[in-house]
2 protein chains.
Amino acid sequence: MIASQIDAEFLRYLLAHDCQPGTRLPSLDEISAEVGISVGKLREQFEVARTLGLVEASPRKGIRCLAYDFLPAVRLSLMVALSLQRDAFRSFASLRIHLETAFWDEAVVLLLPDDIARLNELVARAQAKLTYDRIQIPYPEHRQFHLTIFNRLGNPFVLGLLEAYWDAYEAVELNTYADYAYLQEVWSYHERIVKALEAGDTATGKELLIQHMRLIDKMGVAHELPVPMSVKQTQGVEL
Amino acid sequence: MIASQIDAEFLRYLLAHDCQPGTRLPSLDEISAEVGISVGKLREQFEVARTLGLVEASPRKGIRCLAYDFLPAVRLSLMVALSLQRDAFRSFASLRIHLETAFWDEAVVLLLPDDIARLNELVARAQAKLTYDRIQIPYPEHRQFHLTIFNRLGNPFVLGLLEAYWDAYEAVELNTYADYAYLQEVWSYHERIVKALEAGDTATGKELLIQHMRLIDKMGVAHELPVPMSVKQTQGVEL
DNA sequence: TCAATCTGATTGATCCGATAAATCGGAATA
DNA sequence: TATTCCGATTTATCGGATCAATCAGATTGA
């Protein structure tokens with residue numbers, strides 16, 4: 001029924017054969033014979049499935065199904081948007097801020113003690129990186145910090161979108177921006193957020209989340225809050 | 001720079017050649033020669049671009065670029081999820097509710113008099129459909145009502161996700177459910193929402209939006225609010 | 001002279017077969 | 001028994017043939 005919405009024999013085949021993670025599929029020749037299209041046409045549709053992260057393949061090993069993941073489709077479309085539209089990152093960043101704020105209450109009540117411990121560990125590692133003689137940008141910690149908070153939602157669409165945000169963040173090279181004072185302040189907020197979560201104070205945590213997104217670096221750029229393009233152009237920052 | 005994130009010669013070609021809507025591309029043979037891969041391999045990547053809604057093609061007319069659209073990628077991935085995971089619709093519905101609520105304030109202040117007129121027209125058409133001797137389900141009006149409110153955001157990602165929600169709504173056939181009393185109540189709320197918008201009362205409009213999503217039909221199903229699976233199973237409703 | 005029809009060219013769509021590359025499991029060997 | 005080799009499997013890529021859709025210009029008839 002839903003498969004009828006999908007105009008590709010191979011994708012319908014995947015759904016009809018209950019494509020569970022790890023399942024090995026027949027060879028391309030066999031699938032071609034079963035669904036009634038040539039191997040060439042099948043490979044075109046196979047490439048779509050692979051690009052969407054539904055399957056993986058290598059010579060001799062064959063084709064295997066992967067676990068469903070919203071991210072590949074979102075990430076590819078978003079990368080295209082970032083190339084074609086100058087304010088695509090700002091738009092997606094706006095979406096991300098609203099998602100984190102909107103799902104905050106649902107997400108933080110699901111956090112386990114392990115998660116809180118993980119968040120504390122990330123804060124410690126980030127602060128250590130900012131204390132070394134040779135400063136390292138705690139970008140992986142930043143990414144993991146935010147994704148860990150929302151992970152327990154178990155909502156593949158929300159998680160996929162948030163992960164795509166960080167991939168875009170890297171693509172526009174915000175992760176390489178080394179403003180020491182800004183980063184110190186960001187991680188000070190992160191530390192306070194975790195303390196609020198430990199105290200069960202989700203409202204304060206949310207308020208700190210919102211405040212910390214408004215932080216600006218010394219160039220006047222809010223890394224996690226999209227400012228209007230006109231402000232950005234005046235300051236000569238390219239995004 | 002961003003194109004380097006994209007592992008397909010044809011997609012990189014599209015981005016490098018400033019693929020603006022309406023632009024006609026060279027033939028497959030010519031692109032194949034330019035990017036240095038065979039026509040067969042090019043067609044595989046072309047199928048991905050087509051599936052993402054980046055280009056369209058027909059024999060003799062050639063290949064043309066389309067305007068960027070987040071929807072095709074989201075819709076396809078979502079359709080796959082709906083087939084593979086039983087609570088995918090519920091997860092996506094949760095995302096949609098939060099998006100509408102989160103972006104409400106930004107969206108309604110952008111509405112033009114034409115938009116308010118359009119919303120009134122949609123309410124009138126829906127109520128007419130519910131008044132005929134032979135009731136017609138005002139599904140297209142319902143979809144357009146919600147999409148019109150958020151259209152002026154100009155955020156392609158938010159709009160794409162909201163459109164995908166309605167495509168999923170159709171795919172799970174919620175649009176065919178004809179509970180007269182429920183629909184009457186839904187459209188009563190819609191009418192009140194437009195009246196609140198006309199009065200400039202965005203807070204009341206938002207409250208009505210949230211309330212109307214909690215409406216349940218006579219089977220106990222909230223069409224726009226995902227209830228936990230256990231409640232659904234008890235009531236024998238399949239989704 | 002203009003409208004209708006036809007046709008060759010263009011170009012995507014689909015198919016088929018050949019070859020290269022990656023990988024694995026079983027046979028052979030030390 | 002461990003290591004190496006090799007044939008088989010199967011994906012990856014290429015090139016060519018044919019079909020189908022569409023268009024612009026030529027031809028024909030009124």
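Protein chains get the first letters and strands the later ones, always in sequence-line order, with residue 1 at the start of each. Reckoned from all heavy atoms, side chains included, excluding hydrogens, waters and symmetry mates. Keep in mind it's a predicted model, so treat the numbers as computed, not measured.
- Remark: B:E9 pairs with B:Q45 by the side chain to side chain donor-acceptor pair (under 3.5 Å) rule, at least two apart or across chains.
- For B:R60, the side chain to side chain donor-acceptor pair (under 3.5 Å) test picks out no residue, with sequence neighbours left out.
- The nucleotide range of DNA chain C contacted by chain B, defined by atoms under 4.0 angstrom from heavy atoms of the protein and reported 5' to 3', is C:dA9 to C:dT14.
- Every side-chain contact (heavy atoms from CB on, under 4.5 Å) that A:L183 has, sequence neighbours left out, goes to A:L130, A:I137, A:P138.
- Of the possible donor and acceptor atoms, none in the side chain of A:S83 sits under 3.5 Å from a partner among the backbone N and O of B:L15.
- Using a 4.0 Å cut-off between charged side-chain N and carboxylate O, A:R143 and A:E170 make a salt bridge.
- A heavy atom lying under 4.0 Å from DNA chain C marks the following residues of residues 27-39 of chain B, by number: B:S27, B:L28.
- Comment: A:E56 does not engage A:R50 in a salt bridge, judged by the lack of any side-chain N to carboxylate O separation of less than 4.0 angstrom.
- In terms of the salt bridge (Lys or Arg N to Asp or Glu O under 4.0 Å) criterion, B:R12 has no residue partners (sequence neighbours excluded).
- Residue pairs meeting the salt bridge (charged side-chain N to carboxylate O under 4.0 Å, His left out) criterion with at least one member in residues 71-85 of chain B, sequence neighbours excluded: B:R75-B:D167.
- Under the side-chain contact (heavy atoms from CB on, under 4.5 Å) criterion, A:E44 pairs with B:R43, B:E44, B:E47, sequence neighbours left out.
- Residues of residues 56-64 of chain B that place a heavy atom closer than 4.0 Å to DNA chain D, in numerical order, are B:P59, B:R60, B:K61.
- Under the side-chain contact (heavy atoms from CB on, under 4.5 Å) criterion, A:Q20 pairs with A:D18, A:T23, sequence neighbours left out.
- Of the residues in residues 6-26 of chain A, not one comes within less than 4.0 Å of DNA chain C through any heavy atom.
- Between the side chain of A:T148 and the backbone N or O of A:Q144, at least one donor-acceptor pair lies under 3.5 Å.
- Counting only residues at least two apart or on different chains, the salt bridge (charged side-chain N to carboxylate O under 4.0 Å, His left out) pairs with a member in residues 145-161 of chain A are A:D115-A:R152.
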